[in-house]
Amino acid sequence: MEFGSLICIIILIVLVVAFILFVTFADADISLLFNHYTRKPQDFKNKVIWITGASSGIGEYLAYSLTKRHAKLALSGVNVERLNAVRERCIDFSGCAEEDILLVPFEIDNFDIHDECVKKVLDHFHQIDILVNNAGISQRADFSDIDINVDQKLFNVNVFGTINLTRKVLKHFLERKKGHFVVSSSIAGKLGVPYSSAYTGSKHALHGYFECLRSEMVEENINVTLVCPGPVFSALTDRCVTGKLGEKYDHTQQATDKKMKTERCCELMTTAIAHKLDECWICIQPILLIFYLAQYIPTIFRTVLLKLLFNKQRVMKLRQGR
């Protein structure tokens with residue numbers, strides 16, 4: 001056998017083995033996993049991090065992950081009782097002083113209160129280093145069955161509330177000549193996830209806004225990290241709405257669901273924040289593989305795989321981890 005042919009065979013074998021390992025074990029994109037396992041975790045000492053949607057789910061567990069790394073936190077949400085519980089657990093985890101965890105409860109779509117909330121954080125900590133835009137609501141319904149009021153509500157919470165608060169904090173970042181925005185998006189921000197068009201549209205909109213912001217801030221030392229999780233154990237699912245305003249989707253998570261553990265998602269998310277990654281994908285298989293196929297062979301994915309492999313029942317089970 002010629003030497004060149006042998007090299008080609010070896011390369012092919014390596015690629016096949018790498019693909020098998022990826023499909024079997026990977027739960028995030030390659031760049032994020034590389035940083036997670038090869039670079040030292042960063043200490044957030046003296047960093048003030050403001051997390052919206054911090055009373056449960058990803059926001060809650062991200063608070064635990066960051067406070068263990070000595071961050072000072074401002075925690076926002078609408079459930080004051082839950083926020084207090086998160087605050088107490090943060091203190092237990094880290095042994096930090098009580099004044100290192102500030103509660104700023106408010107509704108993200110109450111735009112008029114945003115200036116007051118920013119002032120409250122700055123009066124207490126005198127700085128904001130990272131804003132984690134995590135507040136949001138989810139939705140499930142057929143495209144044709146969604147009342148326009150649901151679209152407006154989701155955009156007010158998921159998009160316009162986030163954008164308005166970001167603009168308020170951006171003024172502070174520009175004055176300090178540094179800052180970091182982190183956005184909890186979703187795989188729905190990159191793919192046309194069926195049967196939740198209002199939610200998917202809102203997440204796509206976030207990518208449009210923050211990609212523009214990233215471009216405008218390229219000379220300002222202000223970073224943007226877009227985090228795209230797949231199905232994760234989170235109260236977001238239990239608070240999911242339908243196509244009718246005020247109506248909740250009839251779904252309860254189960255311990256047996258095939259979803260990513262919230263702790264794991266937030267550990268990976270912490271890595272993305274620490275190393276200021278532009279965008280990261282965090283989800284279990286086979287959704288991660290589907291994500292890659294949709295991004296890198298979009299025509300084949302849409303014209304062949306999507307039509308052959310997916311129907312409503314399969315999609316809903318996949319999203320629910322069942």
Side-chain angles (χ1 to χ4, degrees), residues 52-53 55-59 77-79 82 106-111 133-165 183-210 226-254 257-260 262 265 281 283 287 290-291 294 298 301-302 305-322:
T52 65
S55 60
S56 63
I58 288 175
V78 295
N79 189 325
R82 282 291 309 153
F106 74 107
E107 293 184 359
I108 192 71
D109 57 343
N110 183 358
F111 311 128
N133 288 301
N134 179 67
I137 53 177
S138 187
Q139 171 263 342
R140 302 280 192 280
D142 289 2
F143 189 103
S144 59
D145 295 335
I146 301 171
D147 191 287
I148 194 64
N149 291 327
V150 173
D151 295 276
Q152 291 172 335
K153 177 65 176 179
L154 261 78
F155 270 70
N156 280 338
V157 173
N158 293 1
V159 183
F160 301 134
T162 290
I163 296 305
N164 192 62
L165 184 64
V183 184
S184 288
S185 178
S186 165
I187 60 169
K190 302 288 288 184
L191 304 177
V193 177
Y195 312 112
S196 60
S197 60
Y199 177 74
T200 297
S202 71
K203 293 301 183 180
H204 272 66
L206 285 177
H207 281 255
Y209 273 107
F210 281 95
L226 287 158
V227 182
C228 302
V232 174
F233 282 102
S234 169
L236 181 71
T237 307
D238 294 334
R239 295 196 304 269
C240 185
V241 300
T242 67
K244 306 298 180 185
L245 196 63
E247 183 179 271
K248 286 190 176 183
Y249 181 66
D250 185 17
H251 169 73
T252 303
Q253 295 181 102
Q254 299 176 9
D257 289 348
K258 295 177 182 177
K259 295 183 177 183
M260 178 174 282
T262 320
C265 177
W281 308 342
C283 48
I287 295 176
I290 293 170
F291 210 155
F301 175 78
R302 290 182 175 89
L305 298 178
L306 196 62
K307 292 180 180 179
L308 289 178
L309 300 179
F310 292 94
N311 55 41
K312 183 172 184 178
Q313 186 178 15
R314 285 176 182 166
V315 168
M316 298 307 285
K317 283 186 175 181
L318 194 63
R319 297 188 68 185
Q320 295 169 1
R322 296 175 187 172

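Only this structure's heavy atoms are used, side chains among them; waters, hydrogens and symmetry mates stay out.
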For [X], check side-chain hydrogen bond (donor to acceptor under 3.5 Å, both in side chains) against everything at least two apart and list the hits.
X	value
Glu107	none
Asp145	none
Ser186	none
Thr262	none

Once rounded to the nearest 0.5 Å, what's the spacing between atom [atom1] of [X] and atom [atom2] of [Y]?
X	Y	atom1	atom2	answer
Cys240	Arg140	SG	CZ	4.5 Å
Ile146	Asn149	CD1	CG	12.0 Å
Cys283	Ile187	SG	CD1	6.0 Å
Asn164	Ile108	CG	CD1	8.5 Å
Ser185	Asn134	OG	CG	11.0 Å
Leu191	Ile290	CG	CD1	9.0 Å

Just to verify, what does Ser55 make a side chain to side chain contact (heavy atoms under 4.5 Å, CB included) with, not counting sequence neighbours?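 Expected list: Asn79, Arg82, Leu83.
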Using the side chain to side chain contact (heavy atoms under 4.5 Å, CB included) criterion, which residues pair with Ser202? Sequence neighbours excluded.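 Ser202 satisfies side chain to side chain contact (heavy atoms under 4.5 Å, CB included) with Phe155, Asn158, Val159, Tyr199 only.
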Would Tyr209 and Thr162 count as a side chain to side chain contact (heavy atoms under 4.5 Å, CB included) if you check the C-alpha gap in whole Å, the side-chain angles of each, and the deciding distance to 0.1 Å? CA-CA 10 Å; Tyr209 273 107; Thr162 290; over 6 Å; no
Heavy-atom closest pair, residues [X] and [Y]:
X	Y	value
Val150	Gly243	CG2-O, 3.3 Å
Thr242	Gln139	O-CG, 3.6 Å
Ile58	Pro229	CD1-CG, 4.1 Å
Val193	Ala188	CG2-CA, 3.5 Å

Any donor-acceptor pair under 3.5 Å linking the side chain of Thr52 with the backbone of Ala135?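 Indeed, once roles are kept as given, a pair shorter than 3.5 Å links the two residues.
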Quick check: does any side chain N or O of Lys203 sit under 3.5 Å from a backbone N or O of Ser184, one acting as donor and the other as acceptor?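 Yes; judged by distance alone, with no hydrogens or angles, the pair exists.
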The criterion is ring pair (Phe, Tyr, Trp, His ring centres under 6.0 Å); which residues satisfy it with Phe160, sequence neighbours excluded?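 Partners of Phe160 under the ring pair (Phe, Tyr, Trp, His ring centres under 6.0 Å) test: none.
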Return the set of residues passing ring pair (Phe, Tyr, Trp, His ring centres under 6.0 Å) with Phe106 (not counting sequence neighbours), or none when no residue passes.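 Phe106: ring pair (Phe, Tyr, Trp, His ring centres under 6.0 Å) contacts with His114.
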Apply side chain to side chain contact (heavy atoms under 4.5 Å, CB included) to the pair Thr200 and Phe143, showing each step before the final yes or no. CA-CA 11 Å; Thr200 297; Phe143 189 103; over 6 Å; no
Once salt bridge (charged side-chain N to carboxylate O under 4.0 Å, His left out) is applied, do any residues pair with Asp109, and if so which ones, sequence neighbours excluded?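 Here the qualifying residues are Lys153.
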Under the salt bridge (charged side-chain N to carboxylate O under 4.0 Å, His left out) rule, what pairs show up with a residue in residues 154-163, not counting sequence neighbours?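 Residue pairs with at least one partner in residues 154-163: there are none.
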With salt bridge (charged side-chain N to carboxylate O under 4.0 Å, His left out) as the rule and sequence neighbours excluded, what pairs involving residues 183-200 come up?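 Passing the test, one end in residues 183-200: Lys190-Glu279.
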Side chain to side chain contact (heavy atoms under 4.5 Å, CB included) between Asp142 and Tyr195, intermediate numbers included: CA-CA 5 Å; Asp142 289 2; Tyr195 312 112; 3.3 Å; yes
